[in-house]
J.: 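Mind having a look at this structure? Questions to follow.
Just so it is clear: chains get the letters A, B, ... in the order the sequence lines come, proteins before strands, and each one is counted from 1. Remember, it's a predicted structure, so these values are computed and weren't measured experimentally.
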Amino acid sequence: MNQRAEREPWDPGAIERKWQAIWEERGTNLHSDDDLRTATRPFYNLMMFPYPSAEGLHVGNMYAFTGADIYGRWRRMLGDFVFEPIGFDAFGIHSENFALKKGVHPMELIPSNIVNFTRQLRRIGAMYDWNHTVDTTDPGYYRWTQWIFLQLFRRGLAEKREAPVNWCPSCKTVLANEQVIAGACERCGTPVEQRFLSQWFFRITDYAQRLLDNLSWIDWSDTTRRAQENWIGRREGAEIHFPIARRKVTDDRHEPAEVHADPHRITVFTTRPDTIFGATFMVLAPEHPRVSDVTTDEQRAEVDAYRQAAIAMDLVARKKTDKRKTGVFTGGYCVNPATGQDIPIWIADYVLMEYGTGAIMAVPGHDERDFEFATQFGLLIVRVIAGPDDTAASPLEGAYIGPGVLVNSDRFDGTDAASASGTITEWLEARSLGSARVNFRLHDWCISRQRYWGPPIPVIYCNACGAVPVPEADLPVVLPFVEDYRPDESGISPLARVESWYRVPCPQCGAEARRETDVSDTFLDSAWYFLRYPSANIDNAIFDDDLIAKWLPVDMYIGGEEHAVLHLLYSRFVTMALHDAGLLPFEEPYTRFRKHGLLIKDGSKMSKSKGNVVIPDAYIEEWGADCFRMYLMFLGPYQEGGDFRDEGLQGVSRFLYRLWDTVVPADQLGAEPASGSIERALHATIRKVTEDIGELRYNTAIAALMEYLNAVREGGRAANRAEVEPLVPLVAPFAPYIADELWQRLGHHQSLFSTISWPGFDADKAIADDVELVVQVNGKLRSRLTVPRGTSEDDVRAAAVADGNVARFVDGASVRKVIFVPDRLINIVVG
RNA sequence: GCGAAAGUGGCGGAACUGGUAGACGCGCGAGACUUAGGAUCUCGUGGGCGCUGCCCCGUGGGGGUUCGAGUCCCCCCUUUCGCACCA
């Protein structure tokens, strides 16, 4: 008799449509503002909002969102009130470039992309709160982005200054660093130059120490924390002043000239003050303001030529480490404050104006770059650190960077180099020649973009009043529709072309004035979006203080490692600045952050250029959203990523079919209580799945579910309701549609996601009465014994030696030692 | 160059504080069932051999510690990721 024919097969598509409608109708995902205000046990589950590219949602987005959604669903089933919003990071160069390529205006293209994205996001089975969503291009949103700029401006954290940018002389536009490919413009291939433009900066470096310190207590993925630490790059060292030496022009330049110290001096930063006796020359960045002061007339032509070439070079090419060192002698000298000797001053592009003081003391004996430079130009190399096998006179074949004691260092000879830095700094400090100093690699955040597709920076320039912030009441400064938004011949933002827009009266004096025509960086849009979600429907303030107090900081943030530094650091900075302004009661935005891994396809990461990008739609169509979600979580450890292979879907699909087949029809399930090994397996499975989801170990949680279902179905026995019913909520975070459908068929009237539905377990019942114990002889497995839990060593030993195979190895030899691990193993050592 | 992570079957990947290596899944093999499907169900599946022995070998390579090492220590090789002329 074929029972199967009577059974209703699993139809993923139909179930998805049914439950999407029910969840929306009952508001399972959706919350009103009142719900958010009155919620008990609030849990803010955040994921990184996507930028709505025209290609649509790709599998990498879905991987990220699904992993985060599983966590959110699980918290909800545990009884938390989970807020899980999504939005669109739709401003920025990516979006604008795509619009340019397509020839469609972004004001037209982006909304249609958002429609498409929304459609896709509704299918993947995430429980988004569509009542609280943000779109960074909405004036109701970027009004507050501009407002944040004003707050920072007011606090002195926003300032305008000149800075180098990449400039394409053919396209006549500024390029972002990522648009410069091998020193050339990505669009036309013309070599890129460096230009200086006046730009707005946020003084994030003022917060460097705090941004670093807080890393010690926030609960983040280690790798992400370390990436921020490296990016902030705190370095301890000293600033040391080198007096400029003036040479009298003599007939013979090679004769020692009369030297006198000049009150003018050049300051360097070094992390190795211990090596100062080995500083045999100084190098300035080509842009260093003192270059002309020290350059002699004879050298001026050469120096000017080098400077111009260096400054014209694009920033990316200049920082290439593998190119040969270049540089020019200025003709000037300064005095090494430790040795009293005068040393030549060079300029070279390997010294960067943006770090330290833009000037270095070169210690060729103990710095590889300086060694290379000195060798190339025949400059003096002095050893000041001797390693264990060296003497003060040992020749140097390369820079010695190992440990050792100081040599050729006058009164400091014999001191351990590592501990000498402080001593030498103090010695210099006592003579006003230097001081201890901490430096950061972190740079101020340049937020100006000479582009169209972003929020205009809310500043008005007046000849009389200077840079005047737009009054808050006048916000938003709406981005005007500009038909041709391409960068033009003027080389500044396309907004500079719209005179009717930028000509405004000065808010202070009423005189004719001009708007800032640059827009702000996309990273500013995304630096605060999570603050807005709960207050997304509030018009008269950036956020509601009660909602902020209730919902923030974010409880769990899951996102890609590619944002380990920029986005995550910027949002920490903005949060801190708003905290200091008294606007937020906390200074760290994300209590917990976990990175997810990267999906690999055919051995390399997915990218458009490789043509291996996977679009989820067809897979969802074919296998169902539940199956696709679950497969993504099964293919590897979530926090490490894994290999996407079509064939892998089969296994998860089979599992879900079997699950359906086991539960449906529910009235045919047996009524016996769970018992014996099945009961134990059930409790052990609940425990394992609960622990694994909490740690985002989704792949092993799914394996445990499969194992349990296999155990229930073993030998084709009929399942009992008590055995399979708890399995349904366990599967629910991964496969929410089929789970709610099965739950209903089991006779429940509430969705799994609107009640506390996560099953508990009894730890005692998860443990078997009997254990299998391993018998080793000399560390090699010889037998296994099944014994009651807690069997004593003596009993186990007696049973072990009675075993035939064990006896083979033990008999005739003397037992020297017995290692016994209760309920685990016994190891008999014979000799 | 600096920093970090990782190397386990044909493949994706399991393995708690050192204690049965290969869970789970894919693929593959054999069989069952069936008017044949992208089925389903059973059994098998690291390698070797004197092949039915819980025998030998086996977690990138080489040493070491230990009763016992995928796991700990040292050296080397490879891959991936992040930062990179940061003084």
Side-chain angles (χ1 to χ4, degrees), chain A residues 2 4 222-224 226-227 229-231 233 235 237 268-272 275 279 283 318-323 325 348-352 354-363 366-370 372-373 401 439-443 561-562 564-565 597-598 600 604-605 622-623 631 634-637 640-655 657-658 661 691 697 699-708 710 713-716 772-784 803-806 808 816-821 824-831:
Chain A
N2 191 356
R4 194 158 293 243
D222 283 345
T223 53
T224 314
R226 226 173 339 244
E229 226 173 271
N230 288 344
W231 186 266
R235 294 295 144 85
V268 303
F269 172 74
T270 179
T271 55
R272 296 294 306 276
T275 62
V283 188
R318 165 146 168 206
K319 291 188 189 179
K320 278 257 187 297
T321 56
D322 49 2
K323 73 178 208 276
K325 296 259 181 301
D349 67 2
Y350 80 94
V351 175
L352 307 173
E354 65 199 50
Y355 184 76
T357 62
I360 62 160
M361 62 176 214
V363 185
H366 306 284
D367 180 281
E368 285 174 21
R369 296 152 305 181
D370 297 344
E372 191 189 331
F373 193 82
I401 40 188
N439 235 329
F440 295 93
R441 307 167 74 145
L442 181 69
H443 292 12
E561 183 76 336
E562 68 274 18
V565 283
L598 206 64
I600 300 292
S604 52
K605 68 174 164 188
E622 189 174 350
W623 298 91
Y631 169 63
F634 185 56
L635 57 71
E640 282 156 47
D643 214 351
F644 182 93
R645 286 156 66 248
D646 289 12
E647 311 89 75
L649 282 152
Q650 189 63 251
V652 173
S653 184
R654 283 183 189 140
F655 167 76
Y657 268 107
R658 275 196 287 252
D661 213 45
E691 287 168 359
R697 292 191 299 253
N699 57 331
T700 49
I702 293 168
L705 294 168
M706 290 172 164
E707 219 169 328
Y708 178 66
N710 290 345
R713 290 169 58 94
E714 196 175 6
E772 193 179 58
L773 198 131
V774 173
V775 183
Q776 294 180 341
V777 178
N778 286 350
K780 290 200 172 181
L781 172 71
R782 295 303 176 192
S783 179
R784 294 166 227 260
D803 182 280
N805 196 54
V806 175
R808 258 171 66 193
R816 300 181 23 177
K817 197 174 179 182
V818 174
I819 312 287
F820 177 70
V821 183
R824 198 125 225 178
L825 65 69
I826 183 163
N827 185 11
I828 300 166
V829 186
V830 298

J.: To the nearest 0.5 angstrom, please state how far the CZ atom of A:Phe634 sits from the CG atom of A:Leu649.
T.: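 Answer rounded to 0.5 Å: 11.5 Å.
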J.: Can you tell me how far P in B:rC54 sits from the matching atom in B:rG61, rounded to whole Å?
T.: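 Nearest-Å result for B:rC54 against B:rG61 at atom P: 30 Å.
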J.: Considering only atom C1', compute the distance from B:rC55 to B:rC49 and round it to an integer number of Å.
T.: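 These two C1' atoms come out 9 Å apart once rounded.
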J.: Of A:Arg654 and A:Glu707, whose closest RNA chain B nucleotide lies nearer the 5' terminus?
T.: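 Upstream on the strand: A:Glu707.
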J.: A:Asp646 has an atom CG; how far is it from atom P of B:rG12, in whole Å?
T.: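 Atom-to-atom, A:Asp646 to B:rG12, this comes out as 16 Å.
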J.: Remember a base hit wins even if backbone is also touched, and classify A:Glu368 as base, sugar-phosphate or nothing at under 4.0 Å, heavy atoms.
T.: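 Since no nucleic acid heavy atom lies under 4.0 Å of A:Glu368, the category is nothing.
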J.: Checking all strands, does A:Arg697 fall into the base, sugar-phosphate, or nothing category for heavy-atom contacts under 4.0 angstrom?
T.: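 Here A:Arg697 touches no strand at all.
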J.: Expressed in whole Å, how much space separates the C1' atoms belonging to B:rC57 and B:rA6?
T.: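 The same atom, C1', in both gives a distance of 26 Å.
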J.: Mind checking if A:Glu772 touches a base, just sugar-phosphate, or nothing, with heavy atoms under 4.0 Å?
T.: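 It contacts base atoms.
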J.: Starting from P on B:rA69, measure out to CG on A:Leu781 and report it in whole angstrom.
T.: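 One finds 13 Å between P of B:rA69 and CG of A:Leu781, rounded.
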J.: Flag the pair A:Gln650 / A:Trp623 as yes when at least one side-chain heavy-atom distance between them is below 4.5 Å, and no otherwise.
T.: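 Side chain of A:Gln650 against side chain of A:Trp623, heavy atoms only: contact under 4.5 Å found.
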J.: When the C1' atoms of B:rC75 and B:rG68 are considered, how many whole Å apart are they?
T.: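 Comparing C1' positions in B:rC75 and B:rG68 gives a spacing of 24 Å.
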J.: Please list, chain by chain and in numerical order, all residues satisfying side chain to side chain contact (heavy atoms under 4.5 Å, CB included) with A:Thr224, sequence neighbours excluded.
T.: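 Only A:Trp220, A:Ser221, A:Glu561, A:Ala564, A:Leu568, A:Phe593, A:Lys595 meet the side chain to side chain contact (heavy atoms under 4.5 Å, CB included) criterion with A:Thr224.
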J.: Assess whether side-chain contact (heavy atoms from CB on, under 4.5 Å) is satisfied between A:Arg658 and A:Arg654, documenting all intermediate values.
T.: CA-CA 6 Å; A:Arg658 275 196 287 252; A:Arg654 283 183 189 140; 4.1 Å; yes
J.: What integer distance in Å separates A:Tyr355:OH from B:rC85:P?
T.: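 That distance rounds to 12 Å.
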J.: For B:rG50, does the O4'-C1'-N9-C4 or O4'-C1'-N1-C2 angle fall within 90° of 0, making it syn, or is it anti?
T.: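 Judged by the O4'-C1' to base torsion, B:rG50 sits in syn, the angle falling within 90° of 0.
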J.: I need the A:Ile819 CD1 to A:Ile828 CD1 distance, nearest 0.5 Å.
T.: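 A:Ile819 CD1 to A:Ile828 CD1: 11.0 Å, rounded to 0.5 Å.
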J.: Rounding to a whole Å, what distance do you find between A:Phe644:CZ and B:rC26:C1'?
T.: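 A:Phe644 atom CZ is separated from B:rC26 atom C1' by 13 Å.
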J.: From the list B:rC85, B:rC26, B:rG25, which nucleotide is the closest neighbour of the side chain of A:Glu647?
T.: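 Nearest to the side-chain atoms of A:Glu647, counting from C-beta on, is B:rC26.
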J.: Considering only side-chain heavy atoms of A:Pro637, which listed nucleotide, B:rG12, B:rG13, B:rA4, is closest?
T.: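 Of the candidates, B:rG13 comes closest.
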J.: Would you mind reporting whether A:Thr275 and A:Met361 have side-chain heavy atoms less than 4.5 Å apart?
T.: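 Heavy-atom side-chain distance check passes, below 4.5 Å.
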J.: Using the test salt bridge (charged side-chain N to carboxylate O under 4.0 Å, His left out), find all partners of A:Asp643 that sit at least two apart in sequence or belong to another chain.
T.: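 If we apply the salt bridge (charged side-chain N to carboxylate O under 4.0 Å, His left out) test to A:Asp643, skipping adjacent residues, there are no hits.
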J.: Could you tell me how far apart A:Asn230 (CG) and B:rA5 (P) are, to the nearest whole angstrom?
T.: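 About 12 Å, once rounded to whole Å.
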J.: From CD1 of A:Ile828 over to P of B:rG68, roughly how many Å is that when rounded to an integer?
T.: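 Atom CD1 in A:Ile828 sits about 15 Å away from atom P in B:rG68.
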J.: Of the listed nucleotides (B:rA87, B:rG19, B:rG25), which one gets closest to any side-chain atom of A:Arg235?
T.: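 In terms of side-chain proximity for A:Arg235, the closest of B:rA87, B:rG19, B:rG25 is B:rA87.
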J.: Counting side-chain heavy atoms from C-beta on, which of B:rG82, B:rA4, B:rC26 comes nearest to A:Ala227?
T.: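 Side chain of A:Ala227 sits closest to B:rG82.
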J.: Run A:Asn699 and A:Leu635 through side-chain contact (heavy atoms from CB on, under 4.5 Å) and show every step you take.
T.: CA-CA 7 Å; A:Asn699 57 331; A:Leu635 57 71; over 6 Å; no
J.: Taking the side chain of A:Val351 as heavy atoms from C-beta outward, which of B:rA87, B:rA4, B:rC67 is closest to it?
T.: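 When the side chain of A:Val351 is considered, B:rA87 is the closest of B:rA87, B:rA4, B:rC67.
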J.: Of all the choices, B:rG25, B:rC56, B:rA14, which nucleotide is nearest to the side chain of A:Lys780 once you look at every atom?
T.: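 So the nucleotide nearest the side chain must be B:rC56.
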J.: Is the phosphate of B:rC41 approached by A:Arg658 (side-chain N or O, under 4.0 Å from OP1 or OP2)?
T.: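 Yes.
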J.: Determine: side-chain N/O of A:Asn710 to OP1/OP2 of B:rA23, distance under 4.0 Å, yes or no.
T.: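 For B:rA23, OP1/OP2 do not have a side-chain N/O of A:Asn710 under 4.0 Å.
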J.: What is the separation between atom CD on A:Gln650 and atom P on B:rC28, rounded to the nearest whole Å?
T.: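 Distance, rounded to whole Å: 11 Å.
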J.: Please tell me which of the listed nucleotides, B:rC26, B:rC55, B:rA87, lies nearest to the side chain of A:Asn805?
T.: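 Closest nucleotide among those given: B:rC55.
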J.: With nearest nucleotide decided by heavy atoms, which residue, A:Asn778 or A:Leu635, maps closer to the 5′ end of RNA chain B?
T.: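 Looking at the nearest nucleotide for each, A:Leu635 comes out on the 5' side.
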J.: Measure from the side chain of A:Glu622, starting at C-beta and using heavy atoms only, and say which of B:rA87, B:rG38, B:rG19 lies closest.
T.: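 Of the candidates, B:rG38 comes closest.
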J.: Would you say a side-chain N or O of A:Asn699 is under 4.0 Å from OP1 or OP2 of B:rG12?
T.: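 For B:rG12, neither OP1 nor OP2 has a side-chain N or O of A:Asn699 closer than 4.0 Å.
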J.: How does RNA chain B look in dot-bracket notation if pairs are Watson-Crick or G-U with both distances under 3.5 Å, crossing ones as [ ], other-strand ones as |?
T.: (((((((..(((......[....)))((((((.......))))))((((...).)))..(((((..]....))))))))))))....
J.: Has the side chain of A:Glu562 got a donor or acceptor that lies under 3.5 Å from a partner of the other kind on the base of B:rG82?
T.: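 Between B:rG82 and A:Glu562, which were checked side chain against base, a qualifying N/O pair under 3.5 Å is absent.
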J.: Side chains of A:Asp370 and A:Tyr350: do they bring a donor and an acceptor to under 3.5 Å?
T.: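 There is such a pair (donor and acceptor under 3.5 Å, judged by atom type) between the side chains of A:Asp370 and A:Tyr350.
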J.: Ignoring backbone atoms, establish whether A:Arg782 has a side-chain N or O less than 4.0 Å from OP1 or OP2 of B:rC56.
T.: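 Answer is yes, contact under 4.0 Å.
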J.: With the 90 degree cut-off around zero defining syn, does B:rG38 come out syn or anti?
T.: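 Anti, since the glycosidic angle lies more than 90° from 0.
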J.: Which of the following nucleotides, B:rC67, B:rG12, B:rA87, is nearest to the side chain of A:Lys817?
T.: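 Between B:rC67, B:rG12, B:rA87, the one nearest the side chain of A:Lys817 would be B:rC67.
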J.: What does A:Arg226 touch in the nucleic acid at a heavy-atom separation under 4.0 angstrom: a base, only the sugar-phosphate, or nothing?
T.: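 If one applies the 4.0 Å heavy-atom cut-off, A:Arg226 turns out to touch the sugar-phosphate alone, with no base involved.
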J.: Mind calculating the distance between CZ (A:Phe655) and P (B:rC41) to the nearest angstrom?
T.: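 A:Phe655 atom CZ is separated from B:rC41 atom P by 13 Å.
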J.: Which whole number of Å gives the distance between the P atom of B:rG19 and that of B:rA4?
T.: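 Roughly 26 Å separates the two P atoms.
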J.: In whole angstrom, give me the gap between the P atoms of B:rC76 and B:rU66.
T.: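 That atom pair is separated by 24 Å.
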J.: Please determine, for the side chain of A:Ala703, which listed nucleotide (B:rA23, B:rC83, B:rC67) has the closest atom?
T.: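 Closest nucleotide to the A:Ala703 side chain: B:rA23.
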J.: What's the gap between B:rG50 and B:rG60 when it is taken at their P atoms, as a whole Å value?
T.: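 One P to the other, the span is 29 Å.
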J.: Identify the heavy atoms of A:Val806 and A:Ser783 that sit nearest to each other, and give their distance.
T.: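 Shortest heavy-atom contact: CG2-CB, 3.6 Å.
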J.: If we only count heavy atoms from C-beta on, is the A:Asn710 to A:Glu707 side-chain gap below 4.5 Å?
T.: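 SC-SC contact between A:Asn710 and A:Glu707 ruled out.
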J.: Does any N or O donor sit under 3.5 Å from an N or O acceptor when you compare the side chain of A:Asn827 with the base of B:rC67?
T.: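 Pair found.
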J.: If we take the P atom in both B:rA84 and B:rG3, what is their distance in whole Å?
T.: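 Nearest-Å result for B:rA84 against B:rG3 at atom P: 16 Å.
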